[in-house]
Amino acid sequence: MSRYLRPAARLAATARASAVRPAATSPFISRAAAVPSLQKRTYADASGVKEYTVRDALNEALAEELESNPKVFIMGEEVAQYNGAYKVTKGLLDRFGDKRVIDTPITEMGFAGLAVGAALSGLHPVCEFMTFNFAMQAIDHVVNSAAKTLYMSGGIQPCNITFRGPNGFAAGVAAQHSQDYSAWYGSVPGLKVVAPWSAEDAKGLLKAAIRDPNPVVVLENELLYGQSFPMSEAAQKDDFVLPFGKAKIERAGKDLTMVSLSRCVGQSLVAAENLKKKYGVEVEVINLRSIKPLDVETIVKSVKKTHRLISVESGFPAFGVGAEILALTMEYAFDYLDAPAQRITGADVPTPYAQKLEEMSFPTEEVIEKFAAKLLRL
Amino acid sequence: MRSVRLSRPHPALFRRGGAQQPHPLRPSLLIASASCGFPSSQKPQRRQAGSISQRPDSKHVMFPGAVKSAFSNTMRFEQPSTYPALPTYRVVDQHGVVVDPNFTPDLSDEEVVKLYRDMLTVSIMDVIMFDAQRQGRLSFYMVSAGEEAVSVATASALSKADVVFCQYREQGVFKQRGFTLNDFMNQLFANQKDPGKGRNMPVHYGSRELNIHTISSPLATQLPQASGAAYALKIQRMQDPSIPPRVVAAYFGEGAASEGDFHAALNIAATRSCPVIFICRNNGYAISTPTLEQYRGDGIASRGLGYGIETIRVDGNDFWAVREVTKKARELALQDGGKPVLIEAMTYRVSHHSTSDDSFAYRARVEVEDWKRRDNPIARLRKWMEAKGCWDEEKEKEARDSIRRDVLKAFSEAEREKKPPIRTMFEDVYEELTPDLKQQIKELKSQLERYPDEYDVGEFEGGIGSLEK
């Protein structure tokens, strides 16, 4: 009965109970519709909305958490004196001093291990990796120590730690520095993994990560740091957090469900807009926000409405986030699909250095649009 | 003799030496002190393999982990600060004056001039390529200003057959070993003549002919690999003593020495007696992190001693000192069947870390200017050469002008060169093309043939033809 140990086992029960497809009255729909109040408020009031870059949002989240909880500190390569390799920690050293904002030697294994040790001893470290590509050096501490010590210690040693940094490809840094680790960390029991797209995501998820008593991996994206997004008044407050395991429907639609995360959410939205213009179809775009736990409910609910699914992500295709989304959809909403679910992923190649090839190795708005049109037989 | 621990010992391993003695503590473990394969005139290294039992009232204890430790009745913690810092060896001072009375140059004037020109070339190429990056003509570049002597002088003391692992600031090593300006430029512009087939970031040079492993982006991974390569050389030589003795040279910065890989590399090289020379460029900064925050203790050299490795610290801005030290290090590395040596070359990173860095955000411009003026490795060798009478202002000017011309020539040739064949897109992911890759090649070919007007394949070497075969 292993499938009942799966995250959305209760959905399977529901799906089987209501064999008839139009499930508008399904009890699970009404439950899932109860979106958390914070999420509902996001764009409710446009009056106080401000533009934030993702970088500013992350910076504000860090500053607020450092301010409110003396147990929080941030450490990593160049986070203090240099204001962070990508300036995410700008001004934090001046404001909080060198006991809370700490430069480290170039030893990912060393400072990740140190941060885990500090977390096991009761502090709430934020461990910045210059990129998650470098975190490979430290992955044992993340996977074997941070994720598993609570369990292995019989519950006596919690590990409240946040690992964060840019993930995925950037531009022109070739194969060894252009990998997406969503699926890697997403597969580890004991970790929580989030991937923000907008400024609100970035702030709400990072704050939630720091507050969460478990180890959380926050997979940011270098190409999003400078991008601006509207930030609602509620999100500008220092009590703003986003819940884990809750996806956000960025765009409602009835013809196709597009599940995406991180930078690909923006691309999916553009593709959805173009599909509407060209073909008049309405694509529902779901921003996962959280990779582990994964919001299967929202995906399944959407598929029941649209009957078609595409996942969009920039990791390698094999055993990836897309594979997981498709498998879960098959498991819990197979009878609702009118076409085989599809995935758009990064290419199954070591990331090329050549600019054009690099562009072709990852989903683009055009590819998403074409692929969706094909699936919809447009 | 004792043999190496191999799963199936090669018969050659047992060709020479005395009776085999099993290790008293761990009989199954045979130790790689390995006199075999090395000239018999050299004294084979004898490991302390005695019993840990000892006579009553011995002044020394023979713990398995510390066999020569004397008993003491005073409790005293060792203070690193009570040990004097290791001295920095130098041959020529800042004014180009020889300070080591035992020093006699082992190179002819022509040879010195050639190496000086190598240093100049790296320096001039750096300036041009840094600006080219700023103009957007390549995506990335790393200069080695201030560190030219470390790379050129160490390389000059190695044999061409020696194997080299670089970090990324060792253009001088490539230049000295015979990398041409065209080779540099082809890699930087990722054209069809780049042996890396345009797949790597700029500056990630590599050369099979010159026995230099391709530079790899992840930090410090070259160090344990260098130990492994040295171990391979050692075993090769045991199996076939007719191979001339070779060492591995592994370069890294003091920042990389913070990575766990560095420590693993030194320990395994010491315990397996690998003929590898670890060459640390201690240039004061790891990107923005100054050495003060990078480590405590007496530099990287003190690490070597801790791992039981012969170590020296040298003035990295002194070409002659670096060369002398490397020569000796190579000799040591081949003694006793092979062993690691650590060189810490003290220098200063005059340049920014890379084109992605603005170092004036974390250090004063005056500090850099001061170093440039006060102690520049190129200027120091030049002073020595001028004092010797083999160099003057006129030659300097001529050299700089001609190098600049050559660099620009190679630059524009490489920029105009065709791109690698389209086929290379599919190759080398695996040793052989997999069936699906072959299928993809076919598909691409038919696509290009069907829509010849849509695709300009002219800029790729061989055009569509590379997809046949």
Side-chain angles (χ1 to χ4, degrees), chain A residues 75-87 90 93 98 102-114 129-141 170-179 222 316-318 347-358 360-361, chain B residues 138-140 187 190-191 194 196-202 204 215-221 252-264 285-296 353 356-359 361-363 419-420 422 424-426 428-430 434 436-437 440 459-460:
Chain A
M75 68 187 311
E77 288 155 4
E78 318 204 321
V79 296
Q81 205 75 41
Y82 197 52
N83 284 320
Y86 299 102
K87 306 295 172 220
K90 192 168 186 181
L93 173 66
D98 58 8
I102 304 164
D103 275 329
T104 68
I106 305 187
T107 164
E108 283 78 12
M109 207 187 296
F111 69 77
L114 192 149
F129 293 114
M130 200 179 279
T131 95
F132 268 95
N133 291 288
F134 303 168
M136 294 266 263
Q137 302 254 16
I139 202 165
D140 188 59
H141 287 296
V173 289
Q176 290 169 321
H177 283 170
S178 309
Q179 290 188 83
E222 186 190 328
F316 296 127
D348 191 12
V349 295
T351 305
Y353 168 67
Q355 201 176 358
K356 292 280 182 242
L357 290 179
E358 186 190 66
M360 290 172 71
S361 298
Chain B
L138 65 163
S139 71
F140 180 81
Q187 200 284 332
N191 64 29
D194 167 20
K197 303 178 190 173
R199 291 172 186 149
N200 234 327
M201 291 175 74
H204 291 56
I215 289 164
S216 169
S217 295
L219 194 63
T221 51
F252 60 101
E254 88 285 350
S258 292
E259 292 283 12
D261 275 357
F262 164 77
H263 299 273
Y285 288 93
I287 311 188
S288 79
T289 309
T291 45
L292 197 66
E293 289 177 38
Q294 191 64 250
Y295 57 73
R296 290 294 148 84
H353 167 70
S356 313
D357 174 44
D358 172 16
S359 65
Y362 50 82
R363 60 178 180 181
K419 297 206 163 74
I422 302 175
T424 56
M425 242 181 357
F426 301 94
D428 304 329
V429 180
Y430 299 101
T434 54
D436 55 325
L437 284 171
Q440 286 178 28
E459 60 177 329
F460 300 96

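Note that these values count all heavy atoms, side chains included, but never hydrogens, waters or copies made by symmetry. Proteins get letters first, then strands, A, B, ... in listed order; numbering begins at 1 in each.
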Kindly give the heavy-atom pair with the smallest separation between M201(B) and V173(A), and that separation in Å. SD-O, 3.4 Å

Do other residues, nucleotides or ligands put more than 12 heavy atoms under 6.0 Å from K87(A) NZ? yes

When rounded to the nearest 0.5 Å, the distance separating CE of M425(B) from CE of M360(A) is 7.0 Å

Measuring heavy-atom distances to chain B, does E108(A) have an atom under 4.5 Å in its side chain, in its backbone, in both, or in neither? both

Can you tell me if T289(B) and E77(A) form a side-chain donor-acceptor pair at under 3.5 Å? no

If you tally heavy-atom pairs under 4.5 Å between each of A220(B), S258(B), G255(B), S139(B) and chain A, the highest tally belongs to S258(B)

Minimum heavy-atom separation for D357(B) to Y82(A), with atom names? OD1-OH, 3.0 Å

Could you check whether atom CD of Q355(A) has more than 12 heavy atoms from other residues, nucleotides or ligands sitting under 6.0 Å from it? no

Say you draw a straight line from OG1 of T104(A) to CD of Q294(B); how long is it, rounded to the nearest 0.5 Å? 8.0 Å

Of all the heavy-atom pairs spanning Q137(A) and D261(B), show the shortest one and how long it is. OE1-OD2, 4.2 Å

Is the shortest heavy-atom distance from the side chain of T107(A) to the side chain of Y295(B) under 4.5 Å? no

Kindly indicate whether the side chain of S216(B), heavy atoms from C-beta on, has any atom under 4.5 Å from the side chain of Q176(A). yes

Could you tell me whether E293(B) atom CD has more than 12 heavy atoms of other residues or ligands within 6.0 Å of it? yes

Rounding to 0.5 Å, atoms CG (N133(A)) and OG (S217(B)) come to a distance of 9.5 Å

Segment of L437(B) engaging chain A (4.5 angstrom heavy-atom cut-off): neither

